[in-house]
S.K.: 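Take this structure first; my questions come after.
Convention: sequence-line order gives letters A, B, ...; per-chain numbering from 1.
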Number of protein chains: 2
Amino acid sequence: MAESRTNPLPSPEDAPPPGPDRRPAARRGAGGGKKTKRTSIRQIAQLAGVSVATVSMVLNNNPKITEATRRKVNRVISDVGYRPNRLAQSLSGQYTRVLAVLMPTLRHAVADPYFGELISGICDRAAKRGHKVMLEHAKPEFIKQNQHLELFERRFVDGVFCIGFNDKHPFLTDIHQRDFPMIAVNNVFPDWGLDHVVCDYRSGAEQVMTYLRQLGHRKIGLIYGSLDAYTARTIVDVYRQRMHDAGVEADDTWMIDGHFTEEHGADAARRLLEHHPDLTAIFAGNDKMALGSMHYITHQGKAVPGDVSIVGFDDIPHTAFVTPALTTVHTPLYELGVLAADRLIERIRGKARKIADVLPTHLVLRESTSLAARD
Amino acid sequence: MAESRTNPLPSPEDAPPPGPDRRPAARRGAGGGKKTKRTSIRQIAQLAGVSVATVSMVLNNNPKITEATRRKVNRVISDVGYRPNRLAQSLSGQYTRVLAVLMPTLRHAVADPYFGELISGICDRAAKRGHKVMLEHAKPEFIKQNQHLELFERRFVDGVFCIGFNDKHPFLTDIHQRDFPMIAVNNVFPDWGLDHVVCDYRSGAEQVMTYLRQLGHRKIGLIYGSLDAYTARTIVDVYRQRMHDAGVEADDTWMIDGHFTEEHGADAARRLLEHHPDLTAIFAGNDKMALGSMHYITHQGKAVPGDVSIVGFDDIPHTAFVTPALTTVHTPLYELGVLAADRLIERIRGKARKIADVLPTHLVLRESTSLAARD
DNA sequence: ACATAGAGGTGAACTAGTTTACCATGTTAG
DNA sequence: CTAACATGGTAAACTAGTTCACCTCTATGT
């Protein structure tokens with residue numbers, strides 16, 4: 001492909017073919033033929049015998065227009081089936097009514113129920129409030145070409161949701177510094193002061209640790225997701241504190257990074273049990289890692305929860321249908337998406353207050369936890 | 001909210017507040033203040049000492065422009081950090097370079113790995129080819145208000161991907177009849193003649209049935225997803241044919257609708273075993289139903305695959321991490337999304353040939369299947 | 001030497017809306 | 001009875017690009 005261009009402006013396929021311009025003959029745009037012309041506001045004005053401005057005001061429910069005129073114009077509009085061109089509306093107006101969901105490059109990210117639930121909530125609420133939602137993967141080249149800024153500068157969108165990012169993604173501050181509407185969903189960036197909505201990870205983690213202690217567990221391993229994300233660190237903090245309270249100083253051999261995936265979760269479980277064969281419980285920072293570790297442990301011939309109890313985090317839909325069903329912390333991801341959409345739209349409308357909302361979480365008891373066999 | 005309006009045209013929030021127009025004071029649009037004005041092509045033209053037309057041609061890599069002029073203009077463009085307004089480009093141009101993914105209203109649909117994989121592939125390839133992707137849920141009111149047609153008529157998008165629909169969704173023909181670019185992804189509509197790309201369900205089902213027969217299974221139950229979808233019917237066809245070949249006339253007690261969900265899959269397994277306690281294998285039309293039935297069966301105290309073998313369909317990511325890991329048919333959903341994006345973009349560019357591509361599937365052997373205990 | 005073709009660039013018209021400044025009326029207050 | 005004001009509507013300017021018809025050179029062919 002023609003990737004050898006240096007001018008970063010037009011998208012890869014904007015370049016016309018070499019030689020004289022030979023776009024499709026059926027060109028209907030500027031100056032071209034008048035055959036397949038769409039109906040425009042000027043036609044409606046003419047047919048209704050009013051000015052273009054009047055039609056526009058009818059379209060926008062401007063109270064300046066009399067009921068009689070309004071009816072007359074609406075008559076014509078529905079007769080010819082006219083629909084205002086959204087591009088023109090956005091061009092002259094202040095808003096595009098399009099929002100973007102920006103997410104990391106993790107291949108198949110949308111396929112992850114975690115992201116999926118968030119996006120579901122975002123889309124549903126945005127649609128209800130008359131907004132469209134675009135999906136963007138923040139691949140390295142996407143950032144390098146400043147496409148995250150172009151989203152605003154070229155007027156693609158009015159605002160962005162950021163999901164799945166952490167402290168290793170400083171480009172988020174580019175957007176924030178330019179004061180473009182942005183909201184971090186289920187991530188917190190205390191150093192950068194980004195607006196955010198988030199689930200209560202602290203409380204969720206506290207509930208897990210309290211519950212495991214109640215079941216008599218003292219030797220609890222932790223599989224965390226990442227130390228670059230504030231929410232993930234929160235879980236580590238709570239874990240370490242509670243282990244300390246229980247008289248166990250949890251060093252690095254008790255806490256292993258599982259990178260949020262099943263594969264690494266399984267591997268983390270292996271390493272955990274290598275160091276601590278007498279472990280009676282594992283707390284994983286998300287469900288996928290919990291499922292991965294459960295898979296490893298049962299394949300080692302150990303019983304869950306008979307030998308090792310396992311607790312996850314997130315409560316993604318299918319955790320109820322594995323065997324044993326997973327005990328986990330329910331995070332209201334769909335509702336969080338809904339809330340994020342509401343907040344971002346408010347922000348775009350100019351309400352400038354700082355956004356930092358927290359949604360409660362709760363422990364869901366299922367089959368993967370039981371009393372500690374012994375201490 | 002102001003839901004009492006009868007004019008269906010503007011979206012719910014387009015109505016200005018009652019009383020005289022009082023939009024935000026910082027209005028920067030038409031006729032308003034000139035303070036925060038974005039740089040436009042006219043400024044660039046003036047700074048570079050050329051005409052607006054020339055700048056436009058530089059932007060579009062039109063070969064009519066000399067290298068010298070091109071450099072001069074690009075100089076100015078990068079000096080002032082100019083980015084062409086995409087709305088204006090799309091308005092006067094022929095394309096918006098935006099595509100929509102239309103999917104059914106199933107709450108949390110994006111959270112389903114099946115849809116997620118397809119969307120992942122679509123987004124990645126579309127982005128690579130310079131297109132943006134929007135998500136749309138085809139809720140009943142969405143269709144009733146003809147928003148699926150507005151997508152084109154109001155120039156939101158150049159084309160749509162349809163995923164997860166079936167014969168009960170006749171509105172798809174609205175789009176097709178108007179000749180708007182559309183492609184059905186992993187669904188086939190022989191009666192309506194829609195363009196489509198699809199995985200090879202027939203071959204996948206054949207492989208499953210052959211394999212189960214090789215293991216000695218004769219009493220095989222089927223949990224299908226829906227009889228309204230052609231691909232799902234294909235599985236039923238193959239199943240019935242192969243059962244017939246094996247000497248079993250599979251009536252309705254052998255085939256139960258599992259509605260593509262874990263819950264109904266579990267229930268279907270229950271009913272299947274009620275009618276046929278000596279069943280040795282279950283073939284499910286997707287992985288979620290397979291997982292649901294596996295959950296039910298193990299909770300009944302039966303062993304998988306010891307007592308009952310289970311086979312799924314789709315190979316969604318986490319099927320490898322349940323216990324026992326699921327034997328299933330791999331459908332290349334991500335790759336199908338990629339292909340769909342390529343085909344839809346070609347179609348938009350005017351290549352009018354009929355699209356009906358099939359991607360191969362293959363059986364993935366894991367732990368949920370074994371030799372039939374007895375016949 | 002002169003017509004012609006082509007290259008490179010330009011002004012104006014076009015895409016389709018929104019908003020403002022202004023202009024007739026009609027109504028009310030003094 | 002007239003000045004002041006409110007109402008309803010309009011023309012034109014504005015959003016920011018693309019493209020076409022045309023113009024001016026220069027190079028070439030005869």
Side-chain angles (χ1 to χ4, degrees), chain A residues 9-10 14 16 20-23 27-34 36-46 48-70 72-73 82-96 153-155, chain B residues 9-10 14 16 20-23 27-34 36-46 48-70 72-73 82-96 153-155:
Chain A
L9 285 177
D14 278 348
D21 193 323
R22 45 181 167 80
R23 294 161 134 270
R27 168 92 179 112
R28 54 139 281 286
K34 275 114 198 168
T36 51
K37 202 168 176 168
R38 279 188 181 84
T39 68
S40 78
I41 198 170
R42 276 159 239 268
Q43 266 118 65
I44 301 300
Q46 206 178 352
V50 296
S51 75
V52 167
T54 303
V55 179
S56 174
M57 286 166 144
V58 169
L59 249 24
N60 292 287
N61 271 49
N62 188 311
K64 208 175 170 181
I65 304 296
T66 1
E67 208 30 55
T69 310
R70 185 183 307 282
K72 181 171 63 177
V73 173
Y82 164 74
R83 305 275 152 192
N85 181 323
R86 194 51 170 289
L87 293 170
Q89 290 185 313
S90 298
L91 178 61
S92 58
Q94 195 171 186
Y95 307 117
T96 65
E153 288 167 353
R154 303 189 61 188
R155 303 214 51 205
Chain B
L9 284 177
D14 279 349
D21 193 321
R22 47 180 167 80
R23 295 160 134 271
R27 169 93 180 111
R28 53 139 282 285
K34 274 113 198 168
T36 51
K37 202 169 178 168
R38 280 188 180 83
T39 69
S40 79
I41 197 170
R42 275 159 239 269
Q43 266 116 65
I44 302 300
Q46 206 179 350
V50 297
S51 75
V52 167
T54 303
V55 179
S56 175
M57 287 166 144
V58 170
L59 249 24
N60 291 287
N61 270 51
N62 188 311
K64 209 175 169 181
I65 304 297
T66 0
E67 212 24 60
T69 310
R70 184 183 306 283
K72 182 171 63 178
V73 173
Y82 164 74
R83 306 273 152 193
N85 181 322
R86 195 42 139 6
L87 293 170
Q89 290 184 314
S90 297
L91 178 60
S92 58
Q94 196 171 184
Y95 307 117
T96 65
E153 289 168 352
R154 304 189 59 188
R155 303 216 49 205

S.K.: State the CZ-CZ distance between A:R154 and B:R86, to the nearest 0.5 angstrom.
M.R.: 5.0 Å
S.K.: Ignoring backbone atoms, establish whether B:Y95 has a side-chain N or O less than 4.0 Å from OP1 or OP2 of D:dT18.
M.R.: no
S.K.: Please state whether the phosphate of D:dA16, meaning OP1 or OP2, lies under 4.0 angstrom from any side-chain nitrogen or oxygen of B:Q89.
M.R.: no
S.K.: May I ask you to verify if any side-chain N or O of B:S56 is less than 4.0 angstrom from the OP1 or OP2 atom of D:dT18?
M.R.: yes
S.K.: Shortest non-hydrogen contact from A:A45 to A:V55?
M.R.: CA-CG2, 3.6 Å
S.K.: Residues two or more places apart in sequence or in another chain: which of them pass side-chain contact (heavy atoms from CB on, under 4.5 Å) with A:S56?
M.R.: A:I41, A:N60
S.K.: Could a donor-acceptor pair under 3.5 angstrom be found where the side chain of A:R86 meets the base of C:dG17?
M.R.: no
S.K.: To the closest 0.5 Å, what do you measure between CG (A:L87) and CD (B:Q89)?
M.R.: 11.5 Å
S.K.: Measure the distance from OH on A:Y82 to P on C:dA16 and round it to the nearest whole Å.
M.R.: 9 Å
S.K.: Give the rounded distance in Å between these two atoms: CD of B:Q43 and P of D:dA16.
M.R.: 8 Å
S.K.: For B:R42 and C:dA12, what is the distance between atoms CZ and P respectively, to the nearest whole Å?
M.R.: 12 Å
S.K.: Taking OP1 and OP2 of C:dT15, is either one under 4.0 Å from a side-chain nitrogen or oxygen of A:N85?
M.R.: no
S.K.: CD of B:Q94 versus P of D:dT19: gap in Å, rounded?
M.R.: 9 Å
S.K.: In whole angstrom, give the distance that lies between atom CG of A:L91 and atom P of C:dA16.
M.R.: 12 Å
S.K.: Once you round to the nearest 0.5 Å, how far does OG1 of A:T54 lie from NZ of A:K64?
M.R.: 9.0 Å
S.K.: Grab the N/O contacts between the protein and nucleotides 7-11 of chain D below 3.5 Å, and write none if there aren't any.
M.R.:
| residue | atom | partner | partner atom | Å |
| --- | --- | --- | --- | --- |
| D:dG8 | O3' | A:T66 | OG1 | 3.1 |
| D:dG9 | OP1 | A:T66 | OG1 | 2.9 |
| D:dG9 | OP1 | A:T69 | OG1 | 2.1 |
| D:dG9 | OP2 | A:T66 | N | 3.0 |
| D:dG9 | OP2 | A:T66 | OG1 | 2.9 |
| D:dG9 | O6 | A:K64 | NZ | 2.5 |
| D:dT10 | OP2 | A:S51 | N | 3.1 |
| D:dT10 | OP2 | A:S51 | OG | 3.2 |
| D:dT10 | OP2 | A:T54 | OG1 | 2.4 |

S.K.: First locate atom OG of A:S51, then atom CZ of A:R42, and finally report the distance between them rounded to the nearest 0.5 Å.
M.R.: 10.5 Å
S.K.: Any sub-3.5 Å donor-acceptor pair from B:Q43's side-chain atoms to B:S40's backbone N or O?
M.R.: yes
S.K.: Can you tell me the distance, in whole Å, between the CG atom of B:N60 and the P atom of D:dC20?
M.R.: 12 Å
S.K.: What heavy-atom pair brings A:R70 and A:P63 nearest, and what distance separates the two atoms?
M.R.: NH2-CA, 4.2 Å
S.K.: I want to check something: taking the side chain as every heavy atom from C-beta on, are B:Y82 and B:L59 in contact at a cut-off of under 4.5 Å?
M.R.: yes
S.K.: Between C1' on D:dC20 and CG on B:N62, what's the gap in Å once rounded to a whole number?
M.R.: 12 Å
S.K.: Side chain of A:I41 only, heavy atoms from C-beta on: which candidate in C:dG17, D:dG17, D:dT15 is closest?
M.R.: C:dG17
S.K.: Nucleotides 25-27 of chain D: which of its N/O atoms have a protein N/O under 3.5 Å away?
M.R.:
none

